[in-house]
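A short worksheet on the structure shown next.
These numbers were taken from a predicted model, which means no experiment stands behind them.
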Amino acid sequence: MAEKFDNLEEHLEKFVENIRQLGIIVSDFQPSSQTGLNQKLNFMISGLQDIEKCRQQLHEINVPLEAFEYIDQGRNPQLYTKECLERALAKNEQVKGKIDTMTKFKSLLISELSKVFPEEMAKYKAIHGDDPPS
């Protein structure tokens, strides 16, 4: 998979360089440079075709739109990944806290219900095999 990315990166770099050279030709256009301009335009078209071939090899890759927003804002897209991981970690800790709280509540509820309804809770424990966690 890495070689596909390297191939795409190489084609993109060539394309960007070709566009840069095309910009130089256009900014100082002289009728005598028409053949050079035509050649660069043809290179640009073939470069787009090469990029399209690479794109077809990488069709299973999905990039979140937020990552592109980071790029548009001039921010490093790796910050997006870092912030996503930080949010996931915080959410994971929050959910773990809720699970721990519910486990303690269940244990306390079973304990208190066993005091008030010992026969019913014995049946419940026999059916569910629940040994309240400590």
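Each of K40, Q39, Q34 was scored for a side chain to side chain contact (heavy atoms under 4.5 Å, CB included) with I25, with one residue passing: K40.
Heavy atoms of other residues, nucleotides or ligands lying less than 6.0 angstrom from CD of Q94 number more than 12. Atom CZ of F43 sits in a sparse spot, with 12 or fewer heavy atoms from other residues, nucleotides or ligands closer than 6.0 Å. Atom CD of Q56 has more than 12 neighbouring heavy atoms from other residues, nucleotides or ligands inside a 6.0 Å radius. Other residues, nucleotides and ligands place more than 12 heavy atoms under 6.0 Å from the CZ atom of F29.
Between the side chain of T103 and the backbone N or O of I99, at least one donor-acceptor pair lies under 3.5 Å. Between the N92 side chain and the A88 main chain, no donor and acceptor come within less than 3.5 Å of each other.
K4 approaches Q57 most closely through the heavy-atom pair NZ-O, 3.7 Å. The two residues Y80 and A67 come nearest to each other via the heavy atoms CD2-CB, 4.1 Å.
When the side chains of ILVMFWY residues are joined at heavy-atom separations under 4.5 Å, either directly or via intervening members, I71 and L65 end up in a single hydrophobic cluster. Tracing side-chain contacts under 4.5 Å through hydrophobic residues (I, L, V, M, F, W, Y), one never reaches I19 starting from I45; they form parts of separate clusters. Taking hydrophobic clusters as Ile, Leu, Val, Met, Phe, Trp and Tyr residues chained together by side-chain heavy-atom distances below 4.5 Å, V116 does not share a cluster with L108. If you chain together hydrophobic residues whose side chains sit under 4.5 Å apart, I110 and M102 never meet in one group. Under the 4.5 Å side-chain heavy-atom criterion for ILVMFWY residues, a single connected hydrophobic cluster contains both F5 and I51.
Looking at E17 and K14, no side-chain N of the basic residue comes within less than 4.0 Å of a carboxylate O on the acidic one, giving no salt bridge. Salt-bridge check for K123 with E120: failed, with every basic side-chain N at 4.0 Å or more from each acidic carboxylate O. Under 4.0 Å is where a charged nitrogen must lie from a carboxylate oxygen, and between K96 and E93 no such pair does.
Put simply, the side chain of K125 reaches to within 4.5 Å of the side chain of S114, judged on heavy atoms. Put simply, the side chain of V16 does not reach to within 4.5 Å of the side chain of R20, judged on heavy atoms. Within the 4.5 Å cutoff, the side chain of Q49 has heavy atoms near those of the S46 side chain. No side-chain heavy atom of L113 sits less than 4.5 Å from a side-chain heavy atom of Y124.
In this structure, the separation between CE on M121 and CG on L109 is 7.0 Å, given to the nearest 0.5 Å. In this structure, CD on E66 lies 11.0 Å from CD on E83, to the nearest 0.5 angstrom. Here the CD1-CG distance, from I24 to L37, works out to 13.0 Å after rounding to the nearest 0.5 Å. Between the CG atom of L89 and the NZ atom of K91 there is a distance of 13.0 Å, given to the nearest 0.5 Å.
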| request: Check the pair L85 / K82 against side-chain contact (heavy atoms from CB on, under 4.5 Å), numbers first and verdict last. | output: CA-CA 5 Å; L85 290 174; K82 178 185 174 195; 5.9 Å; no
| message | Between D100 and K104, does the salt bridge (charged side-chain N to carboxylate O under 4.0 Å, His left out) criterion hold? Intermediate values first, please. | response | CA-CA 6 Å; D100 291 345; K104 289 177 185 175; over 6 Å; no
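Checking Q73 against E69 by side-chain atom types alone, no donor-acceptor pair falls below 3.5 Å.
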